[in-house]
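Below you'll find the structure, written out as structure tokens, and then a few comments.
Reminder, nothing fancy here: chain letters follow the sequence lines and each chain counts from 1. Only this structure's heavy atoms are used, side chains among them; waters, hydrogens and symmetry mates stay out.
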Protein chains: 2
Amino acid sequence: MAQAVRHDAMRARNLAFVLREVRSHGSLTRASLAEVTGLTKTTVSKLVADLLEAGLVVETGAVRAGERGRPGVEVRVSGDRVAAVGLEINVDYLAVRVVDLTRRVRLRLTQAVDNRLSKPMDVIGDLRRLARSALAQAEGTGLLVVGAGLAVPGPVDVESGEIHNAPNLGWRNVPVGAALDLGVPLRVENEANLAALGELWFGAGRADFLYVSGEIGIGAGLVVNGALFRGSRGFAGELGHVVVTPEGPECRCGARGCLEQYAGQDAFLDAVADRSPFAHGIEAIVAHLEQGDPTTEAACEKAGWALGVALSSAINLVDPHTIVLGGIYAPLFPWIGGVVAETIGGRLAQMRATAPPVEVSRLGSEAAALGAAGQVLETVVADPAALSERLTDRRDLGPR
Amino acid sequence: MAQAVRHDAMRARNLAFVLREVRSHGSLTRASLAEVTGLTKTTVSKLVADLLEAGLVVETGAVRAGERGRPGVEVRVSGDRVAAVGLEINVDYLAVRVVDLTRRVRLRLTQAVDNRLSKPMDVIGDLRRLARSALAQAEGTGLLVVGAGLAVPGPVDVESGEIHNAPNLGWRNVPVGAALDLGVPLRVENEANLAALGELWFGAGRADFLYVSGEIGIGAGLVVNGALFRGSRGFAGELGHVVVTPEGPECRCGARGCLEQYAGQDAFLDAVADRSPFAHGIEAIVAHLEQGDPTTEAACEKAGWALGVALSSAINLVDPHTIVLGGIYAPLFPWIGGVVAETIGGRLAQMRATAPPVEVSRLGSEAAALGAAGQVLETVVADPAALSERLTDRRDLGPR
DNA sequence: ATATTTAGTCCACAACGTAGACTAATTCGG
DNA sequence: CCGAATTAGTCTACGTTGTGGACTAAATAT
């Protein structure tokens with residue numbers, strides 16, 4: 001709140017409020033919207049008319065029968081007008097997802113590559129081709145793509161869209177935001193943060209959790225009360241460098257005994273003596289575990305313990321309601337989930353009545369790309385009036 | 001934003017916005033307020049008139065001369081109308097502070113006690129007497145006390161005003177909020193959180209930092225962008241139980257190797273073989289250090305290292321801009337500040353361009369009580385219209 | 001002394017939400 | 001099968017709030 005409120009801002013807020021209520025209830029009549037929002041029927045009718053005209057909601061022909069009286073006409077969010085593109089650059093794949101305003105995934109494009117062997121601009125070129133093809137297909141079906149989000153494995157300057165340092169890719173100071181150039185607004189963000197948002201909007205749907213993204217590095221995204229916590233500079237969530245043993249093995253970050261040394265992907269690959277540059281290593285590890293290989297099981301035990309130690313520090317500091325394990329921890333969950341939960345429970349038993357439950361992510365490797373798209377859609381829901389303006393502007397400037 | 005905006009809400013927000021701008025600029029004319037807020041001169045004039053009538057701002061007789069044209073009349077926040085009471089229960093003292101809307105401290109009452117030897121209700125009775133005396137004095141000078149805040153050393157259920165567990169006091173499930181009964185609204189909060197807010201509003205004035213409160217236990221309050229981060233249940237900031245060495249000495253929390261075992265007050269007192277129940281121990285430690293006692297210096301070194309280790313985990317997780325050391329760490333700062341900063345710097349050097357600076361709190365033991373009062377004042381600034389309503393209601397119900 | 005400049009107020013007006021009357025569409029009861 | 005009751009949605013007069021520009025006030029510059 002650092003802005004004066006005038007009539008237009010009041011209307012914009014109410015418009016957003018109505019749209020949000022429609023979304024969270026699935027579908028609602030004008031009458032029940034009036035009840036839910038506290039606005040009058042008159043006002044709700046006007047606002048709904050605006051949303052209908054903008055194509056953000058549609059009337060479901062179906063009228064709700066049942067009680068007495070005239071049946072109401074329900075409106076729900078329309079999936080046929082607005083969409084967003086979610087992109088992800090990871091070590092071994094590029095992913096593109098087109099998601100509509102109802103959060104339905106309309107298009108999936110994934111390309112397996114090995115980005116550690118490629119130059120940044122080549123990778124960006126590949127992604128551009130993939131994304132433009134997705135954009136064209138989406139627009140072909142009449143969708144208006146309002147923007148794109150890009151997930152990258154490492155800290156990012158969200159303002160400039162520049163990647164500071166993505167050690168897994170070997171990238172430093174790469175201006176992806178400027179280089180990608182898709183013709184729609186682009187927002188670049190850390191993969192762990194976007195995966196957390198993906199989990200929030202497309203997964204279990206809880207509003208308070210710490211998402212743990214296990215990859216070569218280990219990141220975390222904290223969602224509190226439905227909002228991402230980014231810290232003062234946006235570098236929060238570096239779970240991989242939380243201390244497990246202060247004098248432990250040296251980490252590539254320069255410190256010692258960081259979680260990454262115990263529970264990063266390479267720690268598992270070392271255990272099975274398999275470090276092929278292609279990251280199919282996880283499947284090999286799961287195969288070993290399914291065969292009951294004791295060495296790999298011991299590695300899981302150790303990693304799970306270390307993850308539990310680091311997470312108990314995290315829980316003490318940021319008090320998440322739930323822990324959600326994603327990335328490589330999702331397939332490994334049957335073997336590490338228990339140890340993690342036990343370690344956390346053991347360390348926190350006396351401090352709190354109940355330790356946060358440890359759950360597994362349901363989205364797999366899609367989480368970050370979906371979160372990236374979702375973040376764009378969220379800007380539409382937060383200010384539908386801005387979109388209507390853009391639409392009318394475009395119409396004014398269009399062919400006559 | 002989960003509320004419809006009507007005309008009254010629009011006005012309330014603009015009123016708050018104007019008051020906030022007046023406060024942050026010290027004093028402003030209506031004309032410059034119009035420029036700063038983006039509202040018209042007309043609207044600003046009306047809003048300022050409301051604030052003047054409520055007594056929240058006053059016109060400074062002084063007109064700003066200098067340039068050409070008619071000089072403007074500046075308004076500033078009035079310290080003579082509204083005040084709040086800040087209270088603190090700690091192990092060895094009770095503190096009461098009366099603070100006016102300009103954040104000037106109008107009254108200080110402190111009582112040295114040993115609350116570990118007393119029953120909760122006796123302590124609350126002592127505090128009630130102290131607080132009522134302060135309230136009476138404040139009201140005697142014409143101040144309207146709009147509420148009180150209470151800081152206690154341990155996690156609190158803010159809704160009910162009940163202390164869950166204050167190990168330093170030996171309290172469990174004490175309903176302080178209900179028991180204190182001062183005749184004004186009371187808000188109970190964790191000491192570390194309020195000390196952080198105290199630092200925010202009465203100290204250095206940065207808007208992004210992690211405040212570390214060293215007492216018998218070690219708490220932390222995280223302020224990001226001027227707002228306190230409380231976690232999902234309000235238990236964030238338990239820095240004292242962040243892992244330093246996972247298999248280290250057993251902690252009273254049931255875990256092992258928690259920071260508290262290395263850098264809590266008792267760790268220092270053990271070092272100088274002085275564990276009198278009265279907490280004058282810190283002064284003894286400082287005396288030892290000033291004489292150059294090597295055992296105590298070694299204890300500082302070890303505590304500082306452990307604090308640095310735990311803080312580097314915290315920095316990786318929540319990305320604070322600055323670290324502020326308070327509580328017992330303030331007097332010990334000359335002996336531990338360096339080690340803490342070096343340990344943090346050593347562990348974070350590669351991860352970020354610059355590690356967060358480590359600073360010392362300037363407020364000493366007042367921080368929490370001031371933060372408690374400040375939190376109440378903040379509710380007034382956030383919604384001055386609510387106060388005006390209360391005032392006019394009172395007038396309506398008053399003698400005629 | 002007069003022109004210029006800036007502060008603040010006044011007044012007609014526009015934007016938005018409100019309240020309640022009114023119309024529409026359904027179920028219930030006879 | 002028809003009228004009463006009930007609920008949905010629209011329409012109209014109105015209240016509140018911010019706007020824009022004219023107007024008055026009070027200073028400095030020439």
Side-chain angles (χ1 to χ4, degrees), chain A residues 3-18 21-22 25 27-53 57-76 384-385 388-389, chain B residues 3-18 21-22 25 27-53 57 59-76 384-385 388-389 392:
Chain A
Q3 196 69 40
V5 183
R6 268 158 292 184
H7 292 126
D8 54 344
M10 173 163 70
R11 185 165 191 86
R13 294 186 91 91
N14 288 340
L15 210 58
F17 188 38
V18 166
E21 290 296 321
V22 169
H25 286 81
S27 64
L28 277 175
T29 63
R30 291 167 177 77
S32 33
L33 267 171
E35 211 174 324
V36 168
T37 60
L39 295 164
T40 60
K41 287 192 294 177
T42 311
T43 305
V44 167
S45 278
K46 282 187 210 160
L47 293 168
V48 168
D50 278 14
L51 292 173
L52 281 169
E53 202 200 359
V57 301
V58 285
E59 291 186 329
T60 63
V63 292
R64 186 188 52 179
E67 292 108 59
R68 323 233 316 213
R70 172 178 167 180
V73 180
E74 298 197 317
V75 294
R76 58 171 172 73
S388 311
E389 262 172 57
Chain B
Q3 196 71 40
V5 183
R6 268 158 292 187
H7 293 121
D8 54 344
M10 171 164 72
R11 185 163 192 85
R13 293 186 92 92
N14 287 339
L15 210 58
F17 188 38
V18 166
E21 289 298 319
V22 169
H25 285 81
S27 65
L28 277 174
T29 63
R30 290 168 177 78
S32 32
L33 266 170
E35 211 173 324
V36 168
T37 59
L39 296 163
T40 59
K41 287 191 295 178
T42 312
T43 305
V44 167
S45 278
K46 281 187 212 160
L47 293 168
V48 168
D50 277 14
L51 292 172
L52 281 168
E53 202 200 358
V57 302
E59 291 187 329
T60 63
V63 291
R64 188 189 50 176
E67 292 109 60
R68 320 225 327 202
R70 170 177 166 180
V73 181
E74 298 196 315
V75 295
R76 58 173 172 72
S388 310
E389 262 173 54
T392 52

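Remark: Ser45(A) engages no residue in a side chain to side chain donor-acceptor pair (under 3.5 Å) (not counting sequence neighbours).
One atom, CG of Asp8(A), and another, P of dC16(C), lie 7 Å apart when rounded to the nearest Å. Taking atom CZ of Arg11(A) as the reference point, atom P of dA14(C) lies 17 Å away to the nearest angstrom. If you take CG of Asp50(B) and P of dT9(C), they are 13 Å apart, rounded to a whole angstrom. For the pair Leu28(B) CG and dA7(C) P, the interatomic distance rounds to 12 Å; values are reported in whole Å. Atom CG in Leu33(B) sits roughly 12 Å away from atom P in dA7(C) (whole-Å rounding). Atom CG of Leu52(B) is separated from atom C1' of dT9(C) by 15 Å (rounded to the nearest Å). Spacing between atom CE of Met10(A) and atom P of dG18(D) amounts to 9 Å, rounded to whole angstrom units. We find that CG of Leu47(A) is positioned 9 Å from C1' of dG17(C), with the value rounded to whole Å.
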Look for any protein N or O under 3.5 Å of an N or O in nucleotides 18-20 of chain C and output each such pair with its distance, or none.
from, atom 1, to, atom 2, distance (Å)
dT18(C), OP2, Thr40(A), N, 3.1
dT18(C), OP2, Thr40(A), OG1, 3.1
dT18(C), OP2, Thr43(A), OG1, 3.0
dA19(C), N6, Thr42(A), OG1, 2.9
dG20(C), O6, Thr42(A), OG1, 3.2

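Remark: Lys46(A) NZ to Leu39(A) CG distance equals 11.0 Å, nearest 0.5 Å. Note: Thr42(A) OG1 to Leu47(A) CG = 10.5 Å, rounded to the nearest 0.5 Å.
Put simply, the side chain of Thr37(A) never gets that close to the backbone of Val18(A): no donor and acceptor are under 3.5 Å apart.
The phosphate of dT10(D) (OP1 or OP2) has a side-chain N or O of Arg30(A) nearer than 4.0 angstrom.
In this structure, Thr43(A) and Arg6(B) have side chains that are not in contact, with every pair of non-hydrogen atoms separated by 4.5 Å or more. Taking the side chain as every heavy atom from C-beta outward, Arg13(A) and Gln3(B) never approach each other to under 4.5 Å.
Residues Val44(A) and Arg30(A) approach most closely at CG1-O, 3.6 Å, considering heavy atoms.
Comparing dA25(C), dT9(C), dT10(D) against the side chain of Ser45(A) picks out dT10(D) as the nearest. When the nucleotides dT5(C), dG9(D), dG17(C) are ranked by their closest atom to the side chain of Asn14(A), dG17(C) comes out on top.
Below the 3.5 angstrom threshold, one finds a donor paired with an acceptor across the side chain of Arg70(A) and the base of dA8(D).
In terms of position on DNA chain D, the residue among Gly69(A) and Ala31(A) whose nearest nucleotide sits closer to the 5' end is Gly69(A).
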